[in-house]
Every structure is written in C-alpha cells, then in structure tokens.
There are 2 protein chains.
Amino acid sequence: MTINIALLGYGTVGKGVYRTIQQHQGRLQKLLGEEIKVVAILVRDIKKHTAPDQSVILTNQYEEIQQLENVDVVIDAIVGIEPAVTYLQNAIEKGRHVITANKEMFAEKSHILRELAKKYHVSVGYEATVAGGIPIIQTLKKLLNANKVTKVEGILNGTSNFILTKMREEQLSFDNALALAQELGYAEADPTNDIEGFDAYYKASILSELIYGEKPKSEQVERRGIASIAKSDITFFNELGLRYKHVATIEYAQSHVKCAVRPVLVESNHPLYQVEDVQNAIHIEADIVGSISLQGPGAGMYPTASAIIEDLIHLKEEDRDYTFNEESALDQQSVKTSWIAYGRSALLQLPEGAEIMKMIANDTWVVEIEGDLSIKDASFIEILGDTTRLKEVKKIH
Amino acid sequence: MTINIALLGYGTVGKGVYRTIQQHQGRLQKLLGEEIKVVAILVRDIKKHTAPDQSVILTNQYEEIQQLENVDVVIDAIVGIEPAVTYLQNAIEKGRHVITANKEMFAEKSHILRELAKKYHVSVGYEATVAGGIPIIQTLKKLLNANKVTKVEGILNGTSNFILTKMREEQLSFDNALALAQELGYAEADPTNDIEGFDAYYKASILSELIYGEKPKSEQVERRGIASIAKSDITFFNELGLRYKHVATIEYAQSHVKCAVRPVLVESNHPLYQVEDVQNAIHIEADIVGSISLQGPGAGMYPTASAIIEDLIHLKEEDRDYTFNEESALDQQSVKTSWIAYGRSALLQLPEGAEIMKMIANDTWVVEIEGDLSIKDASFIEILGDTTRLKEVKKIH
C-alpha cells in the first residue's frame, strides 16, 4: 500500500516536505507500514518549476489534482486564505486528509475545515501553523488532558525577534535591522505581517482556539508592532537587565479570551529572555503542572517540514475531543501585572489602583496593577519576569 | 464504571496525586469517561499517616493491596529499587497497569517491567521519572516518529542547579548553598544522589533507553559532581559570560550510547543558560527539526502529580512500538566540541588535534577538538553554546 500525497505549493516549505519524504522514506515506511509518495505538486507558475521526479505530476491547475483518484492526503504549503481554503474544502469533500502550514488561512477558517473534516471522517493537521518545528500543538493537546492552561506567552514571530536581537546586539536602528533581515531572507519586501504582529496574532488565534475553544475577537486584540522602538530605548533597558521582546499573550479572563501582541520588557530569569534571533518560544502556565516552556526554530525549510511530517504520522489517530469548559475556566482577572512607567508624564497618567514599586533609573519606574494597565501608550511597557531582581536607584541626579 | 487506584507511598508525590485526583475529579471523569478513585494507599509507618477518606484502605502490607480484587492501576510513589520493583512486578502479573515516579528503580529495572507488561497486556507509565512536570517522555515519543534524536543535553537535577544558582547569585560557598538547599527542603540530609550526579544519571539512562533503545553502560559513564566547584571560579566565569551548569548529555557515537553528567560552562545564548534555581530543562537536537528545548519544574508535589495523571490518561493508548535502528543511527563522532582550558598547566596537557581558539582571560583559553576532550581533569570544562561570542583578550598582564 502507498499513501499518496498532493503538495500545494513548492516554495521553501513545499520543497522541504518533498525532500524530507524522499530522504527519510525508509524510516517513514517503517513507521506507517506504507510507502509515502508525492504524486502531484501544484505551483502557480509552471514555467518556474520542474517536477522533482518524472512520476510526479506538476500542474498549475488545482482541478487536475482534485480529479486524481489516488490522492490520500493534501498538504497545503501555500500562503494566504484563498484559494487555499477552497482547495482544502474540495479535498476534504473528496475524503482526503489535509495538513496545513498556512497560518493566516487556518486562523481565519479553521472552523470551516474542522466541521467539514468531521463530516467526512478525515483529519486536519496544523502543527506547522504555529512556531514551526516546536511541537506546541501536540504538547498542548497532551497537556490539556489533565491540566487547564491559564496563560500563554509566546515569541511567535522569528523576524521581529531577529530585528530586536540585532538592534540590541549590534546597536542597529530599526530600519537597519529590518534591512539586514530582508537581506538574509528572514523578512519579506513588505514586512508588515511580521513587524506589525499580524503573523503572531494568527498563531495566537490558532492556539487560543485549541486551548479555549474560541478565537479572540480581532477588534478586542491589542496588536502593536515594533517599528517605533528606538535603538536608544533598547540599550537603556538592556542596561537595566530588561530585553524588548515582541510577545503574544493569550489568557482567559472575565469569560472571554484576551489576546495581545505587543512589545514587552522581559527580565533575565524569564524563559523568553534568552530567545534570540529567529528562534520562537512559548511559555505556558497550567493549573497543575505550573509553568513550562518550549523553544525552537519558528520557521525554515526542515523545521516546518518536520511538523508536517509529524502530522502525517498522526493522521489516523483519533484526537481526544477536547472541549473547553467555561464554567470551570480559571479567570485571570485578579493577577498583578508589572509595568515600566517610562517618562515623567507617565506617572501623571497612572490609573487608580496602580502602585509605584520602585524607581530603577531616572524617570523610569516599576509599577504594579491588578489586571491590565490598558493605557495604550508607549510610556507603559509590560514586564515579564521577576521585577524584584531589578535594582532600585535612590537618586540619579 | 470506576478506575480504581492503589497508591504506593504517601509522601509529597503520593499526596500530590491523591489531591489532584480529588480536586479535578470532574475534569478527569469527563476525559476518561469513568470515575477515578484511590482505593488503597501503602505506607511504611502506619502510625504516621491517616487515611484521607474513610473509604480508602491505609495499610503497611503490600500483600493486602495485592489481594484486593478491584485495583486497576498501581502508582509507585516510593523511592529506591526494592521493594518497589517487586511490588510492580506483582501488580503487572495481576493484570494491573503501573505508573511510576521512581527514577532509580526505573533506570535499573525498566526492561523487566516492560517485558512483563507486554506479556500481561498492560501499560507502564514513567513520565514522572524524568524532569517532573516537563512532558519530555511524550515529546520524545512524538518527535521520535519522524525525527532521529542525535543529542540530548539536560539540567535534570533541580537541587544541584539550585546550588549553582545560589553560589553565583549570592556568592555563597558550595557548603553554604547546600545548607540553604537543605533548609528549604530541596536537598536531603545526605545530598550525594543530587550533587554527585547519580539522580541525573538515572534520568539520562531512562531517556537513553527511550531514544536509543539501550542504556549507557554505567562503567563508561563520566559522572562528576559539583562539590569541588569553587565560588571564585563561578564568579570568574560569570564575568566572562559563562555559567556553570550540571548537565547530563546523551548521544550516540561509534555504535554505542555515550552519556556524561558533569559541570559544564554554558554561554548566554544557549537555552540552558537561564535555567535557574530548581528548574529543569532539556535541549534536544534532532535530524529534521533541528534543536528544541523544554523547560519547567523538575520536581515538586503538583508538577510530578501532573505527569502521573497524564500517564493515567494515556494508559489505554497503544504506544507506537519504537525501535532504534542502529544502522541508520547518526554517529556524532566528528562533531567539534569547545572547552575552557583553565590554568597554564592545562595547555601542556592538550592532546593532539586540539586547537587553541582564543584567550578570554589570563590563563584561560577556549580550545576546540573533534570528539571529546576526555582528559578527566578539572582544568578542562566543556562549553555549551556559541563561543564566538566570548570576548578575546590580547593581554592581561
């Protein structure tokens, strides 16, 4: 028997999947008890590609793939909502399993694919949509069995993390660090998706649906990018022991999902502190186990291929049907959060209930508040980690 | 229907399991479709304990538990090889699933329990034996599907990590840091198991069997403790950007498993660098995905209970039968490793093939060698992480 695969897209991810299947055929066959074969590849521009093997159909017409009778699994390695979601719906309706690495599509359309897949008794794999090679989806599915996840904090975009790392390490301006990321192929010509937090928001949305059974409402998501962070601020906070990171947070509070993507300052004992360059990491708080973190490559040819191949292996396993139970949800409403109030005018804006903990540099205070300091102002920056370790200064001048 | 549990041991871990089952009964029942009930608890000294509930049998006679007809699962939360392994063998022979948190026993006797369990068609859960609440066993089982793990580096003992952290942060001597660990209940009156690396070696051995299908031969394991590390050395290397960590490594080289537990120096970009206090962490290198790391609580009442409960939920799942394939194993023999050569006499002992890369302080050089610098001498300390980031000094005096 053979498991026949149609590959949608033959860019970095598509090629990674093809090569991984070729190179590790023996291993995969042993695991699955069947040969795995890519039988067809869909590309946009057929002139730019050649079939990697004579037996592989290379086409720019999805219809051709849809009409093949021998396809068991469709792997989506293209970008954007359409036509990907239509292709996958068609595939499911033909009784095919689907695996996707397409985060924007899955963040927006997962419910459609899931429902359809249920009806047609096929699987939808999406490990590759979040944090590349880090097995976060499988880990959460497992952890969710006994534990309730109360909060997730993640560095989910390698490009913005690379830019912040280079700004700090090499004292580059944002523009120069972005140019470097583009030169190295980490950032697109239009970097909006990465640096403005859209990509991280898609991933957070996928995690949120897995953990809490619902996506955050996009109009309620605080999404802030990193383009306005000054090199001098990065240096300044670094000297105080704090690193800027572009972090997505998801938690459940007051009966709904709360999601934010924004620059925060991370203290050196926090697991996200040393996540550098294009690495991704996820810090999970759960009610029985406490906190655990996972770190690894957030993108790239083989890490993403690895996640897709893992999905392939688990295709036929029945997922335990996890349903989030709102009644027993752990509301996070009364948790204290720590913030930098930066600049003298910040202090004047402090809402009632906020407490000034200490001054750690001139015009720079640590403040604490119950819940969120929801003044969306760059003079307030959330701190992750242990603020007791930040040194207090009595007087600077 | 009810899943009836007998608990062996009612110390920290045993109590954590009992309480977790009580507190999360609704959640667990929903997941398993059956009620979970602890029906019997084995303790050593019956006078020191009271049954948490009138319906629970509290006994100091294992025979009594063995003769109960309604026990489905036996959870081992005691310490030491015997009588634990005998109890679990008896339990399996009566058709009971077993779950253990007993690392010393499982490191030594896993093969006996596994074989017996196969014969009697029951499961052996051991997530709690390694790194407490970190789901490392499940993660490796999943990752192993498509990936081959080439190397594991882990901080697997919270006590020794706590001591090294306090020596650095508070400039304590080893003895004072140990006394603090004992005062806080992190270290036993006899701390040998933790500080000499026996505990980490048991855990490494369990991981090795899972990954490579074999345990390291104990006489070939380089196991070195942390007791001889001077406070001044910790400070000295910390100023150079290196932190002492007590790290267990497992890899496959020249057709056998190579395992070491020893103090190493970790550079600030390596994921193990910021693993502090009683935290555990594991850094995995695998051939498709690259490197991923997991970090979390390595011990404690609820983290360990969490791991045991996760095992309970997966009891009835068939494990994919993973067998390590030696032929396709990736030998790590030609990998370059970096070391500190510390003290002028160290340079004189350098074996052929070792290359001096740079001097980073007076009498302190970074050297590289293919394979292991297997002079078991405190003047050579392996460096994990990126040595190009270490600053070179031309001349100190």
Side-chain angles (χ1 to χ4, degrees), chain A residues 16 20 23-24 26-28 30-32 132-135 138-139 142-148 169 268-277 279 281 283-284 286-297 300 302-310 312-314 317 320 322-323 325 328 389, chain B residues 16 20 23-24 26-28 30-32 132-135 138-139 142-148 169 268-277 279 281 283-284 286-297 300 302-310 312-314 317 320 322-323 325 328 389:
Chain A
T20 303
Q23 283 165 19
H24 304 289
R27 196 189 293 182
L28 295 172
K30 217 166 149 185
L31 274 165
L32 288 160
I134 306 175
Q138 281 290 345
T139 303
K142 290 288 171 194
L143 267 183
L144 280 169
N145 286 322
N147 282 274
K148 268 195 193 309
E169 281 188 343
S268 68
N269 256 23
H270 191 285
L272 298 184
Y273 182 77
Q274 48 73 54
V275 179
E276 299 277 59
D277 297 322
Q279 288 266 300
H283 183 242
I284 302 161
D287 67 341
I288 305 174
V289 74
S291 297
I292 64 165
S293 311
L294 286 87
Q295 182 179 340
Y302 292 110
T304 310
S306 173
I308 290 172
I309 300 296
E310 295 291 347
L312 193 60
I313 286 163
H314 298 294
E317 283 172 19
R320 201 178 292 281
Y322 169 74
T323 41
N325 182 359
S328 65
R389 295 161 49 95
Chain B
T20 304
Q23 283 165 19
H24 305 289
R27 195 191 293 182
L28 295 171
K30 217 167 151 185
L31 274 164
L32 288 160
I134 306 175
Q138 283 290 346
T139 304
K142 291 287 170 197
L143 267 183
L144 280 169
N145 286 321
N147 282 273
K148 268 195 195 308
E169 281 188 341
S268 68
N269 256 25
H270 191 283
L272 298 185
Y273 182 77
Q274 48 72 54
V275 179
E276 298 278 59
D277 297 322
Q279 288 267 299
H283 183 242
I284 302 160
D287 67 341
I288 305 173
V289 73
S291 297
I292 65 164
S293 312
L294 287 87
Q295 182 179 340
Y302 292 110
T304 311
S306 172
I308 289 172
I309 300 296
E310 294 292 348
L312 194 60
I313 287 161
H314 298 294
E317 284 173 18
R320 201 178 293 279
Y322 169 74
T323 41
N325 182 359
S328 66
R389 295 162 48 95

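Just the heavy atoms: all of them, side chains too, but no hydrogens, waters or symmetry mates, feed the values below. Per chain, numbering begins at 1; letters A, B, ... match sequence-line order.
- Here B:Leu294 is the residue among B:Ile134, B:Leu312, B:Leu294 with the most heavy-atom pairs under 4.5 Å with chain A.
- Side-chain contact between B:Arg27 and A:Asp287: present, with at least one pair of heavy atoms (C-beta onward) separated by less than 4.5 Å.
- Chain A forms the most heavy-atom pairs under 4.5 Å with one residue out of B:Ser291, B:Pro271, B:Gly290, and that residue is B:Pro271.
- The heavy-atom pair separating A:Ala146 from B:Leu28 by the smallest distance is CB-CD2, 4.4 Å.
- Looking at A:Arg389 and B:Glu169, a side-chain N of the basic residue comes within less than 4.0 Å of a carboxylate O on the acidic one, giving a salt bridge.
- Scanning all heavy atoms of the two residues, the minimum distance from A:Gln274 to B:Ser268 falls at CB-O, 3.9 Å.
- For the set A:Gly300, A:Ala307, A:Pro297, the entry with the most heavy-atom pairs within less than 4.5 Å of chain B is A:Pro297.
- Using a 4.5 Å cut-off between heavy atoms, A:His270 touches chain B through its backbone atoms (N, CA, C, O) alone.
- In terms of heavy-atom pairs under 4.5 Å with chain A, the best-connected choice from B:Gly133, B:Gly296, B:Ser293 is B:Ser293.
- For B:Glu310, the side-chain hydrogen bond (donor to acceptor under 3.5 Å, both in side chains) test picks out A:Asn147, with sequence neighbours left out.
- In terms of the side-chain contact (heavy atoms from CB on, under 4.5 Å) criterion, residue partners of A:Thr20 (sequence neighbours excluded) are, by chain and number, A:His24, A:Tyr302, A:Ala305, A:Ile309, B:Ile288.
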